[in-house]
There are 2 protein chains.
Amino acid sequence: MLFPNFTMQEQLTRYIKGIITVKDEELDKILSFFKPMKVEKNELLVIHGQTSQRTFFVGNGCLRIFFITEDGQEVTRYLAFENNFATALCSFISKEPSLEFIQALEPTSLLYISHKDFYHLLEIIPSWENFYRHYLENAYVNNTNRLMSFLTLDATERYRQLLSTNPKIVQRLPNKIVATYLNISQETLSRLKSKI
Amino acid sequence: MLFPNFTMQEQLTRYIKGIITVKDEELDKILSFFKPMKVEKNELLVIHGQTSQRTFFVGNGCLRIFFITEDGQEVTRYLAFENNFATALCSFISKEPSLEFIQALEPTSLLYISHKDFYHLLEIIPSWENFYRHYLENAYVNNTNRLMSFLTLDATERYRQLLSTNPKIVQRLPNKIVATYLNISQETLSRLKSKI
DNA sequence: CTCGGGCTTTGATCTGTATCAAAAAATATA
DNA sequence: TATATTTTTTGATACAGATCAAAGCCCGAG
């Protein structure tokens with residue numbers, strides 16, 4: 001392939017333009033800070049305790065953000081398929097070491113930008129502040145919805161909701177992972193799948 | 001009292017200056033959009049289904065943001081004491097009707113700004129965008145911590161965590177409310193308080 | 001001071017979901 | 001194709017916390 005990243009840069013362009021209006025030279029500047037990268041299935045991109053220095057944009061494949069509880073249980077906080085960003089956002093914001101891991105669940109090609117470059121863009125490109133605002137707003141709304149789903153729905157209802165709002169997750173990922181996303185045990189997921 | 005709002009404006013000034021650097025005339029402009037208001041105990045400020053047109057800054061007293069589940073349970077999403085903002089943020093962001101209520105739990109004096117004016121400030125005062133960014137970042141981090149606490153802690157652990165990070169909530173508010181904040185029944189809260 | 005209505009506590013019971021264990025099925029490896 | 005490994009299913013049991021019910025307590029209104 002002559003231009004292996006052509007498509008991914010385009011995908012990102014489309015994503016950005018869907019949110020903000022930018023001049024072409026600004027867009028070029030923005031894109032110039034995103035580097036392509038390929039990761040294998042199960043590879044870790046951010047390791048617990050490490051300051052998250054990068055934000056990822058998935059071109060193809062899937063990333064999951066998860067953490068591990070005191071008694072060793074994995075909990076999946078976020079799943080990003082193609083054309084989505086994935087960041088250990090809390091650590092990105094606070095600049096504290098990450099409590100979370102980021103892992104590829106499939107062979108994944110992505111673009112990444114460093115923390116430093118991301119903040120640099122905030123300074124040199126006014127509309128990037130706007131982009132970030134929308135990104136934060138969106139992350140906040142998602143998180144709140146997820147919080148509400150845990151506070152108000154039982155396991156079956158959460159699974160039903162996931163099926164209707166995000167069927168890809170159930171279709172593409174193994175039960176094991178889906179269960180950690182719904183915060184139920186594999187056994188319970190298996191049982192309620194057979195009932196629905 | 002001659003200047004009943006003097007203190008509250010000062011409180012807000014201190015809050016804003018703790019986050020961003022603003023010129024005095026910018027600050028005056030900002031403050032000019034915040035109007036004072038008093039609400040009685042139990043009074044509702046935002047009603048379910050209403051587009052949230054306001055953001056509140058608590059001068060004195062306490063506001064809670066809550067929603068009601070399908071089977072009629074109240075769930076408290078956020079509690080704001082003095083020197084804190086309270087917004088039905090999802091509805092503020094999406095401009096959709098609010099799924100949440102905002103209610104005073106004590107006689108409360110506050111400053112409010114309309115949605116429209118808030119966005120107007122974003123346009124005319126560049127550092128306000130910065131303020132809002134910090135506000136969003138902070139809201140996001142809080143929400144994520146709360147999400148994690150529900151995913152990883154049992155009732156007793158959540159109560160202990162609340163006691164250590166936010167003792168005011170336990171001290172100032174009736175069990176009933178604390179229970180809806182921890183998402184446990186009053187009976188369970190009563191039982192675990194007696195054990196600790 | 002006292003009466004009434006809400007809070008809080010205590011007890012008994014029930015239920016959703018976890019956990020443990022093992023079989024069955026699917027997938028990867030040789 | 002056979003074998004090893006992982007994932008999913010099924011069954012049995014245990015438990016945290018809900019719900020229902022009733023008694024006790026507190027605090028404000030008159």
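Order of the sequence lines fixes the chain letters, A, B, ..., with proteins taken first and strands second; residue numbering starts at 1 for each chain.
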S.K.: Walk me through it: do B:Asn60 and B:Ser109 pass the test side-chain hydrogen bond (donor to acceptor under 3.5 Å, both in side chains)?
M.R.: CA-CA 5 Å; B:Asn60 196 45; B:Ser109 16; 4.6 Å; no

S.K.: Is the shortest side-chain N to carboxylate O distance from A:Glu10 to A:Arg14 below 4.0 Å?
M.R.: yes

S.K.: Residues two or more places apart in sequence or in another chain: which of them pass side-chain hydrogen bond (donor to acceptor under 3.5 Å, both in side chains) with B:Gln161?
M.R.: none

S.K.: Using a strict heavy-atom distance below 4.0 Å, which residues from residues 164-190 of chain B are in contact with DNA chain C?
M.R.: B:Pro174, B:Asn175, B:Lys176, B:Gln186, B:Glu187, B:Ser190

S.K.: State whether A:Tyr181 and A:Arg158 meet the cation-pi test: NZ (Lys) or CZ (Arg) under 6.0 Å from the six-membered ring centroid, and within 45° of the perpendicular axis.
M.R.: no

S.K.: Report the residue from A:Tyr132, A:Tyr78, A:Tyr15, A:Phe92 that forms a ring pair (Phe, Tyr, Trp, His ring centres under 6.0 Å) with A:Phe85.
M.R.: A:Tyr15

S.K.: Please determine, by modelled atom types, if A:Thr76 and A:Arg64 share a side-chain donor-acceptor pair under 3.5 angstrom.
M.R.: yes

S.K.: For the CD atom on B:Glu70, are there more than 12 heavy atoms of other groups (residues, nucleotides or ligands in this structure) within a distance under 6.0 Å?
M.R.: no

S.K.: For the helix from C:dC1-D:dG30 to C:dA30-D:dT1, what angle separates the axis at the start from the axis at the finish, each from five pairs, in steps of 10°?
M.R.: 40°

S.K.: Taking CZ from B:Arg191 and P from D:dG17, how many angstroms apart are they, rounded to a whole number?
M.R.: 12 Å

S.K.: Please state whether the rings of B:Tyr119 and B:His115 are parallel, tilted or perpendicular, taking 30° and 60° as the class boundaries.
M.R.: perpendicular

S.K.: Applying the side-chain hydrogen bond (donor to acceptor under 3.5 Å, both in side chains) test to B:Lys193, which of B:Thr188, B:Thr156, B:Asn175 qualifies?
M.R.: B:Asn175

S.K.: Strictly by modelled atom types, are A:Thr152 and B:Thr69 linked by a side-chain donor-acceptor pair under 3.5 Å?
M.R.: no

S.K.: Taking any atom closer than 4.0 angstrom to a non-hydrogen atom of chain B, what span of DNA chain C does the protein reach, first nucleotide to last?
M.R.: C:dC7 to C:dA12

S.K.: Would you indicate whether A:Arg172, at its atom CZ, is surrounded by more than 12 heavy atoms from other residues, nucleotides or ligands within a distance under 6.0 Å?
M.R.: yes

S.K.: Ring pair (Phe, Tyr, Trp, His ring centres under 6.0 Å), that's the test. Do B:Tyr140 and A:Tyr140 meet it? Break it down for me.
M.R.: CA-CA 5 Å; B:Tyr140 179 82; A:Tyr140 179 82; 7.5 Å; no

S.K.: For the pair A:Lys176 and A:Glu74, find out whether any cationic side-chain nitrogen is under 4.0 Å from an anionic carboxylate oxygen.
M.R.: no

S.K.: Heavy atoms within less than 4.0 Å of DNA chain D: which residues of residues 65-80 of chain B have one? Give them sorted by number.
M.R.: B:Gln73

S.K.: Decide yes or no on side-chain contact (heavy atoms from CB on, under 4.5 Å) for A:Phe56 and A:Thr87, but give the supporting numbers first.
M.R.: CA-CA 6 Å; A:Phe56 305 97; A:Thr87 321; over 6 Å; no

S.K.: What residues from residues 147-155 of chain A pass a heavy-atom cutoff of under 4.0 Å to DNA chain C?
M.R.: A:Asp154, A:Ala155

S.K.: Can the positive tip of B:Lys29 be found less than 6.0 Å from the middle of the six-membered ring of B:Phe34, inside 45° of the ring normal?
M.R.: no

